[in-house]
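Taking it in order: structure first as structure tokens, then the write-up.
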Amino acid sequence: MNDLIERAAQDLARAKKVAALTGAGISVESKIPPFRGKGGLWEQIDPMEYAHIDAFRRDPAKVWEVLIKGMKDVIDQARPNAAHLGLARLEELNRLQTIITQNVDGLHQMAGSSDVIEFHGSFAWQRCMQCDERLPTQKVSLDRIPPLCQCGGVYRPECVFFGEMIPPEHLARSQHIASRCEVMLVIGTSATVQPASYIPVLSKQSGAKVIEINPEPTALTGSVSDYLIAGKAGEMTSRIVASLERLI
Ligand code: OAD
């Protein structure tokens, strides 16, 4: 383990262009549950019944009641953990330029990272499905479910539901960055949802080192990633940053 931490620090010390792809696992230590695996959200509810855009259109009240209200509570309380702060520190050290995140919780920005591509959108805003008016999620009243805009339309989070496209500008920019970086840090993602899971593949094909941080092996381990640092995001990221600071 110590060897791999040191190896990651050396890889980062040598690299000029570094990107990160993060997933739900990076926010687990901020008390936001992941989707898959032990304690995962999709163990409790069926994503096709609650997280597909057709399900939302059919019955927005049901999706608000079961999924979105709970997400709001959890995200409202969440604060960045050592992994989010570690990535912000890597940016300060000029060893990380862009984070591509599948998360919608805004914790990278709260930790101080300045270039965050929100691949699956953001939970910070709601948008009226009828007139497109936007409202910060913190200002949405839950007295009525689903919450309605003044025009009578239903508010939806600005997240990507299953069955929806990734915002084209986010997809294009992520692909551009993934194919030009020298190191791609992949933290806390099962790498099972396309097209996000293709981002590290693109980096690998373009000659980058792909470093994974995850307590478990993933779909990338042993094929796409050069090595897996097996552990929790907070502790592993802090240790890598501490080693890097000794090196540079
Ligand atoms: P998943 O829930 O699929 O995977 C979470 C990953 O985090 C797993 O590989 C865990 O082993 C790992 N993990 C758990 N605890 C960790 C910790 N403390 N530190 C580091 N890693 C940890 O989450 P994603 O890969 O992000 O999409 O899921 C991708 C997409 O699937 C989500 O963005 C969401 C979901 O359906 C949409 O809703 C469109």
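When a ligand or atom number is given, it counts from 1 through the structure's own listing order.
- Remark: ligand 1 and E29 share an N or O pair separated by less than 3.5 Å (distance only, no angle test).
- Any N or O atom pair closer than 3.5 Å counts here, and E216 shares no such pair with ligand 1.
- Any N or O atom pair closer than 3.5 Å counts here, and R36 shares at least one such pair with ligand 1.
- The side chain to side chain contact (heavy atoms under 4.5 Å, CB included) with I211 is formed by just one residue from the set I229, I187, I240, D226; it is I229.
- Contact annotation for V193 and ligand 1: only side-chain heavy atoms (C-beta onward) come within less than 4.0 Å of the ligand.
- Of the protein's non-hydrogen atoms, the one nearest atom 15 (N) of ligand 1 is V28 CG2, 3.8 Å.
- Using a 4.0 Å cut-off between charged side-chain N and carboxylate O, E182 and K17 make no salt bridge.
- Residue pairs meeting the ring pair (Phe, Tyr, Trp, His ring centres under 6.0 Å) criterion with at least one partner in residues 161-198, sequence neighbours excluded, are F56-F161.
- For P215, the closest heavy-atom approach to ligand 1 falls below 4.0 Å.
- Atoms of ligand 1 found under 4.0 Å from any heavy atom of A24, numbered from 1 in the order shown, are 23 (O), 24 (P), 26 (O).
- Here the side chains of I68 and F123 are in contact, with some heavy-atom distance below 4.5 Å.
- Across L171, V201, L202, a single residue satisfies side chain to side chain contact (heavy atoms under 4.5 Å, CB included) together with P195, and that is L171.
- Closest to atom 6 (C) of ligand 1, if we only count protein heavy atoms, is G188 O, 3.5 Å.
- Contacts between F161 and ligand 1 below 4.0 angstrom, taking non-hydrogen atoms only, are absent altogether.
- Under 4.0 Å is where a charged nitrogen must lie from a carboxylate oxygen, and between E164 and R156 at least one such pair does.
- Atoms of ligand 1 lying under 4.0 Å from at least one heavy atom of G23, given by number and element, are 26 (O).
- Counting heavy atoms from C-beta outward, T137 and P157 have side chains that stay 4.5 Å or more apart.
- Interface atoms of ligand 1 facing A233, defined by a heavy-atom separation under 4.0 Å, are 17 (C), 19 (N), 20 (C).
- Contacts with ligand 1 closer than 4.0 Å are made by side-chain heavy atoms of H120 only, the backbone lying farther away.
- Side-chain atoms of T22 and T101 include a donor-acceptor pair closer than 3.5 Å.
- In this structure, CG in L185 is found 11.0 Å from CD1 in I100, a value given to the nearest 0.5 Å.
- What sits closest to atom 8 (C) of ligand 1 on the protein, heavy atoms only, is N214 ND2, 3.9 Å.
- Near W42, meaning under 4.0 Å from one of its heavy atoms, ligand 1 places the atoms 35 (C), 36 (O).
- With sequence neighbours excluded, the residues forming a ring pair (Phe, Tyr, Trp, His ring centres under 6.0 Å) with F35 are W42, listed by chain and number.
- Looking from atom 16 (C) of ligand 1 to the surrounding protein, the closest heavy atom is G25 O, 3.5 Å.
- The ligand atoms of ligand 1 that sit less than 4.0 angstrom from a heavy atom of F162 are 36 (O).
- Ranking protein heavy atoms by distance to atom 25 (O) of ligand 1, first place goes to T189 OG1, 2.7 Å.
- Residue-ligand proximity: I26 is placed with every non-hydrogen atom at 4.0 Å or more from ligand 1.
- Counting the atoms of ligand 1 from 1 in the order shown, those under 4.0 Å from a heavy atom of Q102 are 29 (C), 33 (O).
- Sparse packing is recorded around CD of Q138, with 12 or fewer heavy atoms of other residues, nucleotides or ligands lying under 6.0 Å away.
- For the pair K62 and Y50, the cation sits on the ring face: its NZ or CZ lies under 6.0 Å from the ring centre, inside 45° of the axis.
- For S190, a nitrogen or oxygen atom sits less than 3.5 Å from a nitrogen or oxygen atom of ligand 1, counting backbone and side chain alike.
- Protein heavy atom in closest approach to atom 34 (C) of ligand 1: F35 CE1, 3.6 Å.
- Here the side chains of L247 and Q10 are in contact, with some heavy-atom distance below 4.5 Å.
- Those atoms of ligand 1 with a heavy atom of V160 less than 4.0 angstrom away are 39 (C).
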